Each structure stands twice: as C-alpha cells, then as structure tokens.
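One is the number of the first residue; the rest follow in order along the sequence. Since we're looking at a predicted model, the values are computed, not measured.
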Amino acid sequence: MDLDVSDKVASVVGGTVTLATALVTVTVAVRRHSRGRRGWWAALRPVWRGEADAGIVHPHRFGGYVKPLSEVYVPRRAVPRLAPSGDGDGDGVDVADLLTGAGNVLLIGEPGSGKTALVRYESARSARRWLAGRGRRRRCPPGPVLVSLPAAALVHQPLSVALAEAYPRDGAPLDVEQAPAPGRRWLVCVDALDAVTDPDERAVVLNRLAELARSPRPAGPPRPWRVLVTTRHLAEDELAVLGDGYPAYHLAHFTDADVALLAAHWFPDGATARRFLDWTHAQRITGPVHNPLTATVAVLVWESGQAEAATPAGPAALLDEFVRALLRGGRTSVDAACAALRRRPPDGEAVAAWLDTRHTDLVEVAATAAVAGGDPVAAVVDWSAAHAPAPPATVLPDWPARVRQILLATDLFRADRHALASVWPSLVEYLAAGPLARDWRPDEWVTLMNTGSARFVALQAISRAAVTPAFLRARLTEPVGAIAAGHLLAGRGTAAAGAPAFRADVLAALLTHWSDGADGPGGRDAARECFSLLTTLAADRADRDLLHEIATDPRRPGEVRRAAALFFALRTRNAHRSRPVR
C-alpha cells in the first residue's frame, strides 16, 4: 500500500471514529436531556406512590376483609348551590368535571355524604394514572396533579408550608408555586373545613383560603394551582368570606341506581346484590341508604351476618348495630385492661369491675371530646378519675396508653401526630349523641342545632331518639326554632322531616323571618341565616318546587308569597354573579 492510499484509509477510519464518537455524545446528551425533562416525574413519584397506597384502604375492617375503596367507589355528582335559574332541574355535573375545571371549587356535603372518600379516591386514581405514564407526556393523564391536606393544617401555617410538611421529600420540598409538570397545574384538595370547630381558628382558615382565591395582578402569570375545599354546611357569613372565588356545589345524594351500583361492585354476583337491595326495602332504609355512609354501613352489616341481629327496622337501628359490632370487635383491649387492673390490689379489683361494664360509656366520652375538638384520651382519663371507684391512673401507671389502645381497637379512631382523630366523624357524632338521645330534652336539642360545632350531634340524637319533628311546629314562629328546623331539613335528620307539609311550613317560616330581618340566637343575623338555609334547601328540586308553590299559594300570607318571589329573584341574580371561572 502506498502512502496516498494509507492516508485515505486513515482518513476514512478517523472520520468513522469521529462520527461514532459524536453519535455517542449526542445520544448521551439526548438521554440526559430526556432525564432532565422527566425530572418532575421522578421528583413526584414518591408523592404519587403514597397517595396511591393510602387511597385503596377502607377505613373499617369490621372483623374481616373489606374491599378496597377503589373497587367499590361510585362516581359522584354535584349540584350548583345556585342554579342558573330557579327552574333548573338540579341534575348537576360530574364531580370529575369539577376536578379538571379552571377555577376554585367549594364542595358542600351533609354528614356521611362521602367528601373525604371522594378526595381519597380521586387522589389515588390520579396518582396511579400519573405513575402509569412514567413521565412520558403523551401517556400522562389529562388534568391537574392532585395533593390534599386537612383544613386544620392551615390553622397555624400557610398553604405552602402545610403542603411541604404533609409531603416531605428528599431534596427540594413540595412547592406549589412551581408548576408540577410541563403545562400542568396543581389541584390542592383542602378537606373537612367544618372539622375546624373553634370559631377563631376557622376564621383564620377561611381567610387564608379567601386570600388564595384573590386574583393575581393582571400582568402576572396565572397561578400554577387551584383549590377544592370540602365541608359540611357553612353559615352565610362564612360563605361570604370565601366569596365569589369559590363557586359552591352540593354533593348530590346517591340515587337508587347509585345504591344498586355500589351493591354490584361490592358483592360477588348479581343475585347477592339483589338480595341485599331487597333487604334494604324490608328494613325501610331505601331512603337513608342514599347517604353513602349509611349505604356502606348497611352493606357491612348485611354482609357480616349481623343483619339478623338488627331486628328493629330503620337507619338508627342499623347504625346502632354497626357501632355495637365495632365495640365487640375491640373488646379484647378492655378485657386486657381489666386483667391488668385485677393484678393491682387493693383498688384494682373494684376499678376492673367498674370498667367491665363501661366500655360504651368510655367511647361516648371520647367521642364527645373529639366532636368538641379535644383530646379523646385525656377526656377519658379525666372522666374515669372522676367516676371510677379509684382513679385508674393511680392503679395502672400506663392507664392513658391503655385508654388509647381501647379507642384504637374500636376502629372509630386512628392515630394522628398529636392526638387520636375520628376515622368517620359521623359515627363518632352518633356516639356523642347517645346521652341526649337517652334523655331527650327538646330545648337543649334546639340549642345544639343552632350551635355549629354541635349541630350534627343533634341530628344524630333526634334520629336515635326516634322523635318526630312535630314538637318544632310551635317553635316556627321564633327565629331560633325556624333555623333549627331548617338545619334539620338540610341535614335530612329524620324521615318525618321529609313530609312535604312539614317542609313547606318550615320553608314558609324561614321566608317570614328572612323578610322580617329578625335577629337570631346569640345576637346572630337571623335573616342572613334564614336566607342561607333557603339557598341550601333550594338546591334540591323538591324543596325548590315547594318554594314555587308557596309563592303562588293564595292560602299563604301575602308577605310570605312576596318573600318567596323575591328569594327566587335574588337567587337568580346571585347565580349569574357567582358563575365559575372557565
């Protein structure tokens, strides 16, 4: 080979090596760039894994296997609190559409309506879909990245700090001021605003949420997050704090088709599901099972074979049997405490005999404390010291730990960072209502109905006491009675409250006190509270139809008919002002 040919070969080989090196360099650079572009996915993967795992566990074991929430969940609908017109059909919208919309949302639901279950289910579903996308934008789900936290977390710190604490990560903390993914936004679900029972603390949370909803400067970029707030019924002045920044929706009740779908998801075959539905008719709970909590309790009671024990028909007997079964399941912890007490003479035997028959009382004391925002364990320790033959803490040094274990064993409470918290608040309220239900005092009940933090205990009490709301008729002439009756209707406390004649009389009384501008209990603005209740009730088509009938019924006083007409005019005007941002 001569020199010229050798140089050419060397040139070709050298060029090939250079090209290969360049290709390797480009490939590595592309891979590194790709990893950088998907860095957001790697950073959020631990968050999604936690959400996906937490969302599939059902809160109650009830003595055995319970299907994951993800398998039995029934898609929900919501009704605008203010329909575009007074004649709207009230069919509402899919909640999934609210999650993917543009603006903030306030979602209101009665006790047991499934607000927390909705947040847990949607967070888990979103997390699993993002994980399946593996950071590839074409495979990522549509819509926002969901994160959630209890409203109580906003009492002492702003949203960004609360989220960073709720979602600890290696490296940079969770920052909602930065977009979670290219072209996507956060959806921050603030759950259980009503659980903040202290009025001053709730005011702090409401003001924080209101501040979040205030529009940025016109020249500023759009915020990378929006907020969904869930709560039970709020007073009108609390709704006013949130203002137009949170268009309000009511979480719709289950329909007959929803209950049938729940049964189809839960039971192994159609025949079993049909037998369960037949049983709900026999138990006269076809109406109550439109509440998701009652529906779930009914399924668990029937499936566990406890249905035969619930011989009295009705929702109160159903919940009573369910709670008794939970207490039976946690009885081992009480027996262990009694055995430990008996080994500690001289007072241990007497205290053990006392505790042996006080299991339900102990849990009711804890429930009452939890509803009031107190420490259930501390409340039981104080109560036992005052009522036992000798303070149990002086017999057993670890008595507070024993109390904690007894409460956890019921499945009604869960361990929180600072104290025990309710698993399902409605069931804890059911237990807290026990003393009033056994010793019924109408005047005390009216007072509790007009106290926001105790209202849902009062609703449970009237259901457990099997008291008809007839005693309220004489009280409708006073604002305090009419407002209590309005909350009873809004909470669907008893079947008798659903009688159209009674509902129409309550609506007429609310219209009267609203138009009179009367003062309410504790110096509150009764007129404003009556208007709030009328607006809440009018989200339901049946009550809206009753209000239309009142407006045109010549048997009603003229001022009541005029108030009904004015109510619909104001409702329509407010609906146009509070349309959600698109």
Side-chain angles (χ1 to χ4, degrees), residues 79-91 110 233 235-236 250 253 287 290 442-443 445-446 449-450 455 458-459 462-463 466-521 524-575:
V79 179
R81 188 167 187 266
L82 296 172
S85 74
D87 297 319
D89 60 13
D91 287 341
E110 68 178 57
H233 177 74
E236 188 66 22
H250 287 281
H253 300 92
H290 288 170
D443 290 338
W445 181 87
V446 171
M449 282 296 288
N450 285 288
R455 180 170 303 130
L459 284 170
I462 193 172
S463 177
V467 175
T468 66
F471 74 94
L472 279 171
R473 283 191 181 277
R475 292 172 167 82
L476 293 179
T477 56
E478 297 295 329
V480 63
I483 291 170
H487 284 301
L488 176 64
L489 266 57
R492 298 175 178 261
T494 66
F502 179 76
R503 298 188 77 89
D505 288 344
V506 174
L507 292 169
L510 292 171
L511 287 167
T512 299
H513 297 304
W514 168 55
S515 61
D516 288 346
D519 289 331
R524 296 199 303 268
D525 186 347
R528 191 179 183 90
E529 205 157 344
C530 289
F531 183 80
S532 177
L533 280 166
L534 287 165
T535 303
T536 295
L537 293 167
D540 183 86
R541 179 163 188 165
D543 287 324
R544 200 160 57 244
D545 290 344
L546 286 174
L547 284 165
H548 277 297
E549 291 176 11
I550 291 171
T552 57
D553 187 353
R555 295 169 297 179
R556 298 281 181 182
E559 59 269 21
V560 174
R561 285 181 280 139
R562 286 191 293 273
L566 178 60
F567 168 75
F568 279 117
L570 291 174
R571 185 171 177 272
T572 301
R573 186 196 69 180
N574 291 343

Test log, rule side-chain contact (heavy atoms from CB on, under 4.5 Å), inputs D540 and V79
CA-CA 8 Å; D540 183 86; V79 179; over 6 Å; no
Between R475 and V480, is the side-chain contact (heavy atoms from CB on, under 4.5 Å) condition met? List the steps.
CA-CA 8 Å; R475 292 172 167 82; V480 63; over 6 Å; no
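Residues E236 and R81 share a closest heavy-atom pair of OE1-NH2, 3.8 Å. What you find for S532 and A235 is that their closest heavy atoms are OG-C, 4.3 Å. Closest approach of A458 and W445 over heavy atoms only: O-NE1, 2.8 Å. Taking every heavy atom of both residues into account, P80 and A539 meet most closely at O-CB, 4.2 Å. Scanning both residues, G481 and L476, for their nearest heavy atoms gives O-CD2, 4.3 Å. Smallest separation of non-hydrogen atoms from A527 and W514: O-CD1, 3.3 Å.
Checked by atom type, the side-chain pair E529/H513 shows no donor-acceptor distance below 3.5 Å.
Taken from CD in E478 to CD1 in I483, the straight-line distance is 11.0 Å, to the nearest 0.5 Å. Atom CG of L537 is separated from atom CZ of R503 by 6.5 Å, given to the nearest 0.5 angstrom. For the atom pair CG (L489) and OG1 (T536), the distance works out to 11.5 Å, reported to the nearest 0.5 Å. Taking CZ of R561 as the reference point, atom CD of E559 lies at 9.0 Å (rounded to 0.5 Å). For the atom pair CD1 of I550 and CG of D505, the computed distance is 8.0 Å after rounding to the nearest 0.5 Å. Atom CD of E549 and atom CG of D543 lie 11.0 Å apart (nearest 0.5 Å).
Using a 4.5 Å cut-off on side-chain heavy atoms (C-beta onward), F567 and L507 make no contact. The closest side-chain heavy-atom distance from L547 to L511 is below 4.5 Å.
Shown here are the salt bridge (charged side-chain N to carboxylate O under 4.0 Å, His left out) partners of R562, two or more places apart in sequence or in another chain: there are none. For H233, the ring pair (Phe, Tyr, Trp, His ring centres under 6.0 Å) partners are H487, not counting sequence neighbours.
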